[in-house]
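Only one structure is covered here, and it is reproduced in the block below.
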Amino acid sequence: MLVGMVTPVLAGAGTEAYVNDDEINVRTGPGTSYSAVLFNGQKNIRLYRGQYVRIVSTQKGSDGMNWHQIVFTYNGYTKIGFMRSDFITEIGDDSAYRAYLEEQGFPESYQPYLRALYAASGGKWTFVAYKTGLDWKEALENESTLGRALLHWSYDTAQRSTAPGAYDSSTGEWRQFEPGWYAASRETVAYYMDPRSYLTDGTCIAFEKLSGGESVTHEQIKKVLAKCVWATDEIIDEFIKAGSKEELEKQKQTEIQRLRSEGKTDAANSLEKVTVTGVSPIFLAVKARDEIGTGATQNATGYPLSDGKKYYNFFNVGAYGDDPNYNGILYAQSKGWDTSYKALLGGAWFIFRNYIEDGQDTTFLQRFNFTPLYTYSYQYATDITYAYLSGGWNIYQAYVKNGLADSELTFSVPVLENMPAVTKLPTARYEDEYVDPEPEPEPEPEPNPEPNPEPDPGPSGNYDYVNELNLRLSDSYLSGFTLGTPVQSLISQIKSVNKNATVTVTARGEAVAGSALVATGQVLTIQDAAGTYTYTCVVYGDADGDGRIAATDLLAVKNHILEKKALSGAYARAVQFSGKAIGATTLLSIKNHILGKTNIVQK
């Protein structure tokens, strides 16, 4: 869901604060005996230094310590949980910094996160707004172009695109654009190109300017590359040397001579006007580690080719196609990178010339070129997570290990026009979210009693819940729900018919959260003065019971047709659109609904 609601964590009541340490568990109750709050039903949520939170209550834990109940954002979703109070620091009065953010032109939705990061850094991190002037929808349309944003096979399939050309609905198979890489969905692209997704913790390093790093030492790079068996002391020194302004200036002069010798006078004259900067050696080291791994790779130790020489490529420059690594080595051969230093210097020069010089001076802008020059093109990677992980999180981790996280750093944070209220990382299952409770209304004064009030007739003995809510009951299956209805909304609708009714919704014997969607297979139970009514919910098109109509439902129907896993009960009823048959026409109906061609009717 890309639009439609303001993130409650940014606007609700409570004390504004930030997490002051890394990798701190969020628990379901006030104490370490409570389990961790989960994301996507399986991942323990841990928060890191600089995460903006709201304290909504404080309780004494079983360990005798104070525990804060906090509301926070995680992958775009609003969550609630408990964290020990000593891991949380209140932001306090920062009106002067708020005025600075307003002056910079940061939207309101950016500001709580920036205030928390600034406070957590002790005022050492400077955030500058980079106003791109680009429209959000236009940028998303360009970055979502099929094949431009890819996702590794190890990520949740819910983040893959089901658009034509990326997914075959007849077979339930995704197209591999490169071995093990699939097209990312539009929603996934939106999350990773949203600058606010990077502002919850040290991932904001993706916005750090990369034209620097003159004071980096051998020991710092050695720690960054500690697990890399190929990182000899000689190579570590070469990283520092290759990223220096002096060596890149020499490379510039070499390039100018080459261009003049080839008769390319205009290009040589143009290059002479370029002001060379250094490239951060830590950035180069982290990039090399992520690109070629930590093992004894020939990219770092020398890849022999038929000319009798060994070639090196630390950054996988030119590594594309069916055999990307080999193609990268051929690129290295074309550039004469027959020593490790030549490859490191050539890679640093490549990054400077193709990205930093053109304004793509952050890893975010290298992945998402929102600059005026070659907008949306000349992007370093097709990996949609590149800026977030390699450019943001991994470099932050390296900074923490090397004591650089407390340095004075400058971040250039992009701002786009007409941004949505929130973007969320897609998940395979419905993700429960916290919503701030509505404030209690002021009590109305009681009217004067009438002289002879009529006796209260009491509640009616029978209520026709099905017809009152315009639903349909057939063989104990209840249908006709509006697609996407939250369970709490259904309960409220029933309560509007009979406020004294007791309503429960369960799935597989367990209570369903109010924020979950009404879904196939849920059991609705209504108790009132007249008795107990039990119904099994059916949402047409929802074959897997998550309340949505998506690619997972296509797969469930396909498995039924192939007799791999039969659908039965409510799940079979949900895909019996006409008669009792579940076949190719069923697949087509679900596919057309997903593509927005023809909606499945909730009858």
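Geometrically, R175 engages F177 in a cation-pi contact, judged by NZ or CZ lying under 6.0 Å from the ring centre and within 45° of the ring axis. No cation-pi contact links K310 to Y303, judged by a cut-off of 6.0 Å to the six-membered ring centre and 45° from its axis.
In summary, of the residues considered (L114, V415, V128), a side-chain contact (heavy atoms from CB on, under 4.5 Å) with Q104 occurs for V128 alone.
When every heavy atom of Q360 is checked against every heavy atom of L365, the shortest pair comes out as NE2-O, 2.7 Å. L199 and C204 get closest at one heavy-atom pair: CD2-CB, 4.1 Å. Heavy-atom minimum distance, Q111 versus F106: NE2-O, 2.9 Å.
Annotation: the span from D22 atom CG to D201 atom CG amounts to 8.0 Å, rounded to 0.5 Å. One distance of note links OG1 of T200 with CG of L117; it measures 8.0 Å at 0.5 Å rounding. F87 CZ to N25 CG: the interatomic distance, rounded to the nearest 0.5 Å, is 9.5 Å. Taking CG from D194 and CG from L425, the interatomic distance works out to 11.5 Å, rounded to the nearest 0.5 Å.
Taking a cutoff of 4.0 Å between a charged side-chain nitrogen and a carboxylate oxygen, K342 and E238 do not qualify as a salt bridge.
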Begin from the C-alpha positions of R186 and E141 and carry the test side chain to side chain contact (heavy atoms under 4.5 Å, CB included) through to its verdict. CA-CA 8 Å; R186 186 182 180 91; E141 190 68 31; 3.1 Å; yes
Item to check | side-chain hydrogen bond (donor to acceptor under 3.5 Å, both in side chains) between Y320 and T382, intermediate numbers included | outcome: CA-CA 10 Å; Y320 304 103; T382 53; over 6 Å; no
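In this structure, Y52 has its ring center at least 6.0 angstrom away from the ring center of F72. The ring of F314 has its center closer than 6.0 angstrom to the ring center of W230.
Note: Y388 and Y191 have tilted aromatic rings, judged against thresholds of 30 and 60 degrees for the angle between ring planes. Ring pair W174/Y182 is perpendicular by interplanar angle, where above 60° counts as perpendicular and below 30° as parallel. Taking the six-membered ring where tryptophan is involved, the planes of F127 and F411 are essentially parallel, since the angle between them stays under 30° and well short of 60°. A parallel orientation is assigned to the rings of Y97 and Y100, their planes being inclined by less than 30° (bins at 30° and 60°).
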